[in-house]
Q: 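Here you go, one structure.
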Amino acid sequence: VQLQASGGGLVQPGGCLRLSCAASGFTLDYYAIGWFRQAPGKEREWVSYISSSDGRRNYADSVKGRFAISRDHAKNTVYLQMNSLKPEDTAVYYCAADGSLHASPAWYKDKDEYHYWGQGTQVTVSS
């Protein structure tokens, strides 16, 4: 069972990237997926989430309107499309998956609630 995040790179402010989170050994359809990021010297923070059941999506206020999360069922992959990138988006981005039931309606914002993690992909926004 493995998650692999990819698609990071160096991009100028205002540019875009698409991150991928691919799974092997299990089917992502049955898992909620979260994207998190961690900048140097900072805590890992939640960025976006897509549910396993009804496709509900949520975004951190800092990325709302610029980022979009989606699933490709055939490729067993979840994407994070990042547009209008800013220098403050610079971080290592991680995808995480969890298939459990959760009591809190906002559980997906808590990194400790996720069972599987990818290895991270670096995103650098700089001119």
Side-chain angles (χ1 to χ4, degrees):
V1 174
Q2 191 172 13
L3 281 177
Q4 183 165 359
S6 62
L10 173 63
V11 63
Q12 291 187 343
C16 58
L17 285 172
R18 188 178 75 164
L19 305 184
S20 300
C21 178
S24 58
F26 66 108
T27 302
L28 281 182
D29 287 359
Y30 303 117
Y31 291 80
I33 306 298
W35 281 98
F36 290 76
R37 66 187 181 187
Q38 188 165 18
K42 294 188 175 182
E43 294 285 319
R44 190 170 299 189
E45 65 172 356
W46 170 72
V47 175
S48 183
Y49 155 86
I50 186 166
S51 72
S52 59
S53 55
D54 58 5
R56 180 168 53 98
R57 298 165 171 82
N58 278 304
Y59 302 93
D61 288 344
S62 58
V63 307
K64 201 170 294 183
R66 299 187 297 123
F67 290 12
I69 191 170
S70 63
R71 290 183 184 268
D72 185 324
H73 302 283
K75 294 184 178 180
N76 203 26
T77 299
V78 171
Y79 299 105
L80 184 68
Q81 178 67 41
M82 307 188 297
N83 300 326
S84 302
L85 283 161
K86 304 175 181 181
E88 51 263 44
D89 294 319
T90 296
V92 177
Y93 283 71
Y94 300 88
C95 62
D98 197 83
S100 307
L101 294 176
H102 300 269
S104 168
W107 69 269
Y108 52 85
K109 297 181 181 180
D110 184 349
K111 62 184 184 301
D112 295 330
E113 294 288 338
Y114 289 86
H115 191 71
Y116 301 110
W117 285 85
Q119 83 288 3
T121 184
Q122 175 71 47
V123 172
T124 303
V125 185
S126 175
S127 55

Q: Can T27 and D29 be counted as having a side-chain donor-acceptor contact under 3.5 angstrom?
A: no

Q: Which donor-acceptor pairs under 3.5 Å do side chains of residues 4-17 form with protein atoms, sequence neighbours excluded?
A:
none

Q: If you define the side chain from C-beta out and look only at heavy atoms, does anything of R37 sit under 4.5 Å from L19?
A: no

Q: Does the side chain of Y59 come within less than 4.5 Å of R66's, by heavy atoms?
A: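 No, every pair of side-chain atoms sits at 4.5 Å or beyond.
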
Q: Is there side-chain contact between H73 and L28, with heavy atoms separated by less than 4.5 Å?
A: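 Result no, sub-4.5 Å side-chain heavy-atom pair not found.
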
Q: Within the structure provided, determine whether F67 and L80 are in side-chain contact (heavy-atom separation under 4.5 Å).
A: yes

Q: Between D89 and K86, is there a salt bridge with N-O shorter than 4.0 Å?
A: no

Q: For the residue pair Y31 and I50, establish whether any side-chain heavy-atom pair is separated by less than 4.5 Å.
A: no

Q: Among pairs that include at least one residue of residues 75-106, which meet ring pair (Phe, Tyr, Trp, His ring centres under 6.0 Å), considering only residues two or more places apart or in two chains?
A: H102-W107

Q: Tell me, do C95 and V78 make a side-chain contact under 4.5 Å, heavy atoms counted?
A: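 A side-chain contact is absent here, since even the closest heavy-atom pair is not under 4.5 Å.
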
Q: Rounded to the nearest 0.5 Å, what separation is found between the CD1 atom of I33 and the OH atom of Y114?
A: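 Spacing of CD1 (I33) from OH (Y114) equals 8.0 Å.
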
Q: Is the backbone N or O of R57 less than 3.5 Å from a side-chain atom of S51, with the two atoms forming a donor-acceptor pair by type?
A: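 Checking the backbone N and O of R57 against the side chain of S51, no donor-acceptor pair under 3.5 Å is found.
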
Q: For Q81 and N83, work out which heavy atoms get closest and say how close.
A: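 Nearest pair, atom of Q81 first, then N83: NE2-OD1, 2.9 Å.
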
